[in-house]
Amino acid sequence: MSSTAAIQVQGLVKRYGAKNAVDGIDLSVESGEIFALLGPNGAGKTTTVEILEGYRTATAGQVKVLGFDPATKGSAGQKWRNQIGIVLQSTSDAADLSVFETISHYANYYENPRNVDQVIDEVGLREKIDAKARELSGGQRRRLDVALGIIGSPQLLFLDEPTTGFDPEARRSFWELIRTLKAEGKTILLTTHYLDEAQALADRVGVINNGQIIEIATPQTLGGRNNAPAKVTWLENGVTNQIHTKDPTTEVLKLSQRFGGSVPELEVSRPNLEEIYLKMIGELR
Amino acid sequence: MNTLLETLRIGGLRSRIELKQFMRQRESVVFTLFFPVILLFIFGTVFKDTIAPGVTFSQYFVAGMIASGLVNTGFQQLAITIPMERDDGTLKRLRGTPMSVSSYFIGKALLVTFLMIIQTALLLFFGAIVFDLNLPSDPMLWWNFTWLVLLGSACSTVLGIAFSVVPKSGRGASAVVSPIVIILQFFSGVFFVFTSLPSFMQQLAAIFPLKWLTQGMRSVFLPDDFATQEVAGDWELGKTALVLLIWLILGLLFAIKKFKWSRE
């Protein structure tokens with residue numbers, strides 16, 4: 001299992017002053033996997049990711065990203081950066097350059113860059129190819145960021161809150177792009193505030209709070225979601241009734257018999273990822 | 001060797017993209033490339049006197065303008081724009097690519113050198129047309145002029161990169177950097193005849209490269225017998241080269257060691 005791990009983290013600690021921003025994290029991301037890191041602001045997500053990207057150095061612990069310690073100094077780090085792509089949180093650089101100029105310039109930095117035109121098509125910026133970055137909308141600007149993240153044909157892609165500020169449609173088409181990248185065999189580490197995004201994209205999610213990982217699971221099983229009682233609601237005598245049950249099928253059958261057929265306004269739901277997540281980080285009691 | 005060539009190639013590409021960005025900011029084009037010409041018009045119009053028979057104040061002033069152009073275009077521009085690149089994410093993004101920091105430095109140095117060539121050409125062109133500036137005819141003087149511009153550009157570039165660690169943010173950078181440059185210009189004899197400055201100013205200025213660049217440029221644009229009017233009674237070109245080299249090396253060592261990719 002560990003031989004295919006793209007990212008391996010053991011006992012990662014990052015201390016700022018007296019506080020541990022990251023407080024002993026263990027994490028393993030498999031090659032070809034989309035892994036989403038969830039957590040409230042200040043939980044240690046960005047610090048963790050930036051250590052993996054080589055922007056910050058760890059106080060303690062072991063980090064291997066594609067078999068390499070990102071804190072290594074010198075030209076070995078440059079070689080390693082050929083294999084990774086980074087999409088940072090919102091940026092405003094290269095404002096006076098066109099989409100094409102920026103992407104084709106960044107292609108020069110890599111040993112095996114992707115085809116510039118193909119990347120422009122993939123991120124859906126064909127119509128904006130000659131537009132200056134300052135003229136792009138928030139969503140288009142983010143697509144440019146992603147284009148710069150994948151131009152070097154990385155094996156591993158870091159996406160830090162990639163869809164913040166997107167409208168729902170832009171988010172959907174962005175997800176399609178990410179799925180395409182996964183189909184190409186890329187490993188993706190994603191941080192996001194959107195639980196639906198994690199649910200739609202991630203193979204596994206890790207919830208981080210106060211610098212520690214609370215749980216790592218698939219979106220379907222996180223926080224015991226698959227075994228959580230389902231909520232059954234219906235309308236009876238003008239009042240909405242609800243019960244929580246481990247066996248909703250039986251309950252619905254019983255209701256159906258009682259009503260002699262269809263149950264008014266029947267709804268069966270399991271807690272969504274967001275509810276589970278909020279419960280986990282202690283904001284919902 | 002291969003990596004060295006690659007570093008140089010990427011540096012060249014960086015200078016191209018940097019120049020493109022520079023040229024698209026109209027205010028930076030006007031205030032960097034045309035500023036010396038504008039100043040020459042102002043000073044040349046106000047001070048119509050000659051400082052010696054046949055030598056106008058403009059002739060003296062052009063030497064100072066080229067020298068301080070080196071400081072403005074290299075040191076001042078970089079010490080302001082690099083903190084801005086730190087704020088807008090340029091540096092962080094570059095840091096995440098295989099590009100080496102040397103390529104980034106080379107790109108800046110080539111940008112500064114190129115801008116200096118344009119700026120100086122404009123100044124000499126307008127100076128010759130409007131203010132009857134006498135251009136040197138001796139090839140030796142043009143040789144001196146060339147190495148002074150190249151060495152001055154290199155020195156100014158590395159000191160700008162080195163000083164870019166000082167401003168805390170891009171927005172505050174101009175307020176930190178500009179006064180230093182203006183004071184240095186006054187002390188170094190850019191706006192006034194250097195020997196008429198108080199001696200403490202002269203001695204202070206002698207520590208920094210601008211005084212030497214200005215003096216070197218005077219050796220190019222003033223008649224040779226004016227050397228006797230310098231503080232040392234000589235153009236001191238050897239000493240000038242030495243001072244610039246020392247600053248270049250110190251600046252480079254500092255820039256490589258202390259360059260900040262991000263604010264924290």
Side-chain angles (χ1 to χ4, degrees), chain A residues 14 16 21 46-47 49-50 52-57 70 73-98 100-113 132-134 141 144-145 147-149 151-152 154 156-158 160, chain B residues 1-29 81-107 110-111 169-171 256-264:
Chain A
K14 178 68 181 181
Y16 290 114
T46 297
T47 306
V49 172
E50 290 201 344
L52 300 179
E53 292 165 340
Y55 285 120
R56 303 181 199 212
T57 50
K73 292 200 157 63
S75 57
Q78 267 169 262
K79 273 213 128 32
W80 170 73
R81 287 198 162 85
N82 262 303
Q83 315 294 321
I84 64 164
I86 298 173
V87 177
L88 298 162
Q89 285 187 28
S90 63
T91 49
S92 56
D93 58 322
D96 290 308
L97 296 174
S98 76
F100 181 79
E101 286 168 336
T102 307
I103 298 174
S104 57
H105 176 73
Y106 272 79
N108 288 312
Y109 296 157
Y110 295 90
E111 275 172 11
N112 298 306
K132 306 271 165 27
R134 67 164 78 254
R141 168 82 225 191
L144 176 58
D145 286 336
L148 296 178
I151 188 65
L156 169 63
L157 183 64
F158 292 98
D160 204 355
Chain B
M1 190 58 206
N2 212 351
T3 24
L4 177 67
L5 278 180
E6 184 63 10
T7 304
L8 288 172
R9 187 181 76 88
I10 301 289
L13 290 168
R14 280 222 48 87
S15 74
R16 244 178 50 192
I17 205 101
E18 297 238 22
L19 188 65
K20 222 176 238 179
Q21 295 184 83
F22 181 91
M23 290 300 181
R24 286 177 189 171
Q25 291 170 325
R26 216 165 290 154
E27 60 277 28
S28 70
V29 172
T81 55
I82 292 174
M84 286 162 73
E85 289 183 341
R86 204 179 286 138
D87 285 359
D88 73 16
T90 304
L91 293 187
K92 195 167 187 182
R93 193 194 298 285
L94 288 173
R95 184 84 176 114
T97 74
M99 184 210 71
S100 79
V101 65
S102 312
S103 297
Y104 177 78
F105 286 6
I106 291 166
L110 290 176
L111 172 73
S169 73
R171 280 170 55 188
I256 289 169
K257 249 194 128 47
K258 299 283 178 185
F259 186 71
K260 277 202 281 197
W261 290 96
S262 59
R263 275 168 92 161
E264 66 263 17

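FYI, side chains are in, hydrogens and waters are out, and symmetry mates aren't considered; it's all heavy atoms of this structure. Reminder, nothing fancy here: chain letters follow the sequence lines and each chain counts from 1.
Both the backbone and the side chain of A:Glu101 come within contact range of chain B, judged by heavy atoms closer than 4.5 Å. For A:Tyr106, the part lying near chain B is the side chain, with the backbone staying farther off; criterion is any non-hydrogen pair under 4.5 Å. No part of B:Arg16 comes within reach of chain A, as not one of its non-hydrogen atoms sits under 4.5 angstrom from that chain. A:Ser104 does not touch chain B: none of its heavy atoms, backbone or side chain, sits under 4.5 Å away. Both the backbone and the side chain of B:Leu13 come within less than 4.5 Å of a heavy atom in chain A. Interface remark: A:Leu88 contributes side-chain atoms only to the contact with chain B (heavy atom separation under 4.5 Å).
Applying the ring-ring contact (aromatic ring centres under 6.0 Å, His included) rule to B:Tyr104 yields the partners B:Phe259; only residues at least two apart in sequence or on another chain are considered. A:Lys79 pairs by the side chain to side chain donor-acceptor pair (under 3.5 Å) definition with A:Glu111, not counting sequence neighbours.
At a threshold of 4.5 Å between non-hydrogen side-chain atoms, the residues A:Tyr109 and A:Gln78 do not count as touching. Under the 4.5 Å side-chain criterion, counting only non-hydrogen atoms from C-beta, B:Val101 is not in contact with B:Arg95.
Within a 6.0 Å radius of NZ in B:Lys258, other residues, nucleotides and ligands contribute 12 heavy atoms or fewer. Atom CZ of B:Arg171 sits in a sparse spot, with 12 or fewer heavy atoms from other residues, nucleotides or ligands closer than 6.0 Å.
For the options B:Met84, B:Lys20, B:Gln25, heavy-atom pairs under 4.5 Å to chain A are most numerous at B:Lys20. Taking A:Ile86, A:Ile84, A:Leu148 one by one and counting their heavy-atom pairs under 4.5 Å with chain B, the maximum is reached by A:Leu148. Heavy-atom pairs under 4.5 Å with chain B peak, among A:Asp145, A:Leu97, A:Asn82, A:Asn108, at A:Leu97.
Atom CD of A:Glu53 sits about 9.5 Å away from atom CZ of A:Arg81, to the nearest 0.5 Å.
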